[in-house]
Amino acid sequence: MKCLWGLLLILLCGQVQATPELVIYTQNLEPYHYMEDGKPRGINYELVRRALDDEGIRYRIERINWARAVKLVQETPNTALLTLPRNIHRETQFKWVGPLLSSQPYFYRLKQNDEIQLTTLNDAVNLRIAVVRNGEWHQRLLALGMNEGELLFPVTHISDTYNMLFLGRVELIPGSDITMPFMAQEAGYGAELLSPALALPKRSTGNHLALNLSINEQLVKRLNQRIEQLKEQGLLDKLKSTYQIN
């Protein structure tokens with residue numbers, strides 16, 4: 001009997017060790033998460049990494065096309081997306097860990113284009129806007145009736161929206177007060193050349209790690225508890241200081 005119990009224990013341990021690793025898809029959105037010298041960095045990445053390590057969860061990071069990443073995580077077990085704003089439209093499409101660091105969203109314009117004066121979101125839909133394909137603002141502007149290829153231009157990477165704005169191909173791009181200076185620099189331009197044209201309404205509960213629906217609910221609960229514990233211990237404030245975020 002003892003031999004049988006021992007064999008069962010070995011088999012169970014083997015099953016635990018064979019649990020598939022979590023594949024986390026991401027994009028460059030400094031300082032939240034980005035790749036530097038082939039290694040992932042960023043405030044939200046470091047927060048999630050620590051939670052996963054503390055819970056003993058194996059994972060790997062892959063940077064791929066954003067629209068493809070969203071589709072893959074919706075369809076593929078043991079995958080996640082870093083990061084995605086959690087809102088009512090996506091609520092049932094993923095399981096969520098967070099909130100992580102977020103900030104105030106804006107539409108930005110070139111500072112020299114001071115003739116662009118916006119009061120409401122309805123004013124913006126009459127202008128040319130570049131967005132990340134399948135990102136939050138792509139979906140929201142489509143819902144407001146904008147048509148792709150007319151005034152709405154979805155692109156592959158966030159940096160592409162900045163390039164289009166600086167080249168004069170569009171008049172507005174979405175961004176945030178935390179990410180804009182970093183992303184403008186990545187595109188090769190100075191943040192001082194941009195101005196916020198409109199503070200955008202927040203329709204989400206902030207950036208989250210979005211997980212495929214197959215992920216075990218207890219695991220999601222543990223990760224959420226771990227994230228909150230790490231924030232209470234001051235890790236988020238420490239990371240913001242490290243990345244020079246006020």
Side-chain angles (χ1 to χ4, degrees), residues 16 19-87 90-91 93-103 105 132 134-136 157-158 176-179 182-183 186 202 204-245:
V16 170
T19 301
E21 67 181 353
L22 182 66
V23 181
I24 302 175
Y25 299 115
T26 190
Q27 64 175 338
N28 275 4
L29 184 56
E30 194 173 354
Y32 295 149
H33 39 79
Y34 60 100
M35 303 297 285
E36 183 175 84
D37 298 326
K39 296 181 180 179
R41 293 199 63 205
I43 297 171
N44 285 344
Y45 162 71
E46 294 288 352
L47 188 59
V48 168
R49 178 193 65 78
R50 176 68 179 273
L52 292 169
D53 286 347
D54 287 353
E55 290 298 325
I57 299 168
R58 298 183 302 119
Y59 63 93
R60 73 174 188 270
I61 304 291
E62 291 189 13
R63 179 176 175 245
I64 65 171
N65 175 291
W66 191 245
R68 180 169 173 243
V70 173
K71 184 175 177 61
L72 274 173
V73 175
Q74 287 175 320
E75 298 176 349
T76 312
N78 303 307
T79 59
L81 193 62
L82 182 67
T83 56
L84 194 66
R86 181 177 182 176
N87 58 42
R90 297 194 190 271
E91 180 65 30
Q93 298 176 6
F94 303 94
K95 292 183 178 179
W96 304 91
V97 171
L100 309 173
L101 182 63
S102 303
S103 55
V132 175
N134 213 16
E136 180 182 19
H157 303 293
I158 293 174
S176 78
D177 51 358
I178 286 182
T179 62
F182 293 93
M183 298 310 297
E186 181 178 319
K202 291 184 178 181
S204 74
T205 56
N207 292 324
H208 285 65
L209 178 70
L211 300 117
N212 178 266
L213 291 174
S214 69
I215 301 293
N216 181 277
E217 191 61 43
Q218 285 301 311
L219 175 58
V220 176
K221 182 179 180 180
R222 282 166 43 206
L223 285 173
N224 272 303
Q225 291 173 339
R226 183 68 67 175
I227 289 289
E228 289 308 307
Q229 182 182 62
L230 291 169
K231 289 194 290 188
E232 289 172 2
Q233 292 172 351
L235 178 59
L236 182 56
D237 290 335
K238 181 179 179 180
L239 288 169
K240 288 167 66 176
S241 176
T242 299
Y243 285 86
Q244 300 181 347
I245 301 299

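The CD atom of Glu46 sits 11.5 Å away from the CG atom of Leu230 when rounded to the nearest 0.5 Å. To the nearest 0.5 Å, atoms CD1 (Ile61) and CE (Met35) are separated by 7.5 Å. Atoms CG and CZ, from Leu235 and Arg50 in turn, are 6.0 Å apart once rounded to the nearest 0.5 Å. If you take OG1 on Thr26 and CG on Leu81, they are separated by 7.5 Å, rounding to the nearest 0.5 Å. Distance check: Tyr25 OH to Lys71 NZ gives 13.0 Å after rounding to the nearest 0.5 Å. One distance of note links OG1 of Thr205 with CG of Asn87; it measures 8.0 Å at 0.5 Å rounding.
Listed for the Asn224 side chain is a donor-acceptor partner under 3.5 Å among the backbone atoms of Gly98. With hydrogens and angles disregarded, no donor-acceptor distance shorter than 3.5 Å links the side chain of Lys231 to the backbone of Leu47. A donor-acceptor contact shorter than 3.5 Å is absent between the side chain of Asp37 and the backbone of Lys39. For Asn134 (side chain) and Arg68 (main-chain N/O), no donor-acceptor pair under 3.5 Å exists by modelled atom type. Put simply, the side chain of Arg222 gets close to the backbone of Glu55: a donor and an acceptor are under 3.5 Å apart.
Taking 4.5 Å as the limit, every side-chain heavy atom of His157 sits out of range of all side-chain heavy atoms of Trp66. Residues Thr179 and Pro31 meet the side-chain proximity criterion, which asks for heavy atoms closer than 4.5 Å. Pro105 has its side chain within reach of Lys202: a pair of non-hydrogen atoms, C-beta onward, lies under 4.5 Å apart. Contact check for Tyr243 versus Glu30: no side-chain heavy atoms found under the 4.5 Å cut-off. Between Val220 and Val97, the closest side-chain pair of non-hydrogen atoms falls below 4.5 Å. You'll find the side chain of Val23 stays beyond 4.5 Å of the side chain of Thr76, heavy atoms only. Between Leu209 and Ile227, the closest side-chain pair of non-hydrogen atoms is not below 4.5 Å. In this structure, Val48 and Thr83 have side chains that are not in contact, with every pair of non-hydrogen atoms separated by 4.5 Å or more.
In this structure His208 satisfies the ring-ring contact (aromatic ring centres under 6.0 Å, His included) test together with Trp96, sequence neighbours excluded. Annotation: side chain to side chain donor-acceptor pair (under 3.5 Å) contacts of Glu217 (sequence neighbours excluded): Lys95.
One side chain, Tyr32 or Ser103, offers a donor N or O that lies under 3.5 Å from an acceptor on the other. Remark: the Arg226 side chain and the Gln229 side chain contain an N/O donor-acceptor pair separated by less than 3.5 Å.
Of all the heavy atoms in Leu219 and Ile57, the pair that sits closest is CD1-CD1, 3.0 Å. Scanning both residues, Val73 and Leu211, for their nearest heavy atoms gives CG1-C, 4.1 Å. Across every non-hydrogen atom of Asn207 and Leu101, the tightest pair is ND2-O, 3.0 Å. Shortest non-hydrogen contact noted between Ile43 and Leu239 is O-CD1, 3.6 Å. Of all heavy-atom pairs spanning Tyr45 and Arg41, the tightest one is CB-O, 3.6 Å. What you find for Leu84 and Arg90 is that their closest heavy atoms are CD2-CD, 3.5 Å.
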Apply side chain to side chain contact (heavy atoms under 4.5 Å, CB included) to the pair Tyr59 and Arg49, showing each step before the final yes or no.
CA-CA 9 Å; Tyr59 63 93; Arg49 178 193 65 78; 2.8 Å; yes
Under the criterion side chain to side chain contact (heavy atoms under 4.5 Å, CB included), I'd like the reasoning laid out for Leu29 against Asn44: C-alpha separation, chi angles, the key distance, then a yes or no.
CA-CA 10 Å; Leu29 184 56; Asn44 285 344; over 6 Å; no
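Around the CD atom of Glu75, the shell of radius 6.0 Å holds more than 12 heavy atoms that belong to other residues, nucleotides or ligands.
The pair Glu91-Arg86 counts as a salt bridge, with a side-chain nitrogen and a carboxylate oxygen less than 4.0 angstrom apart.
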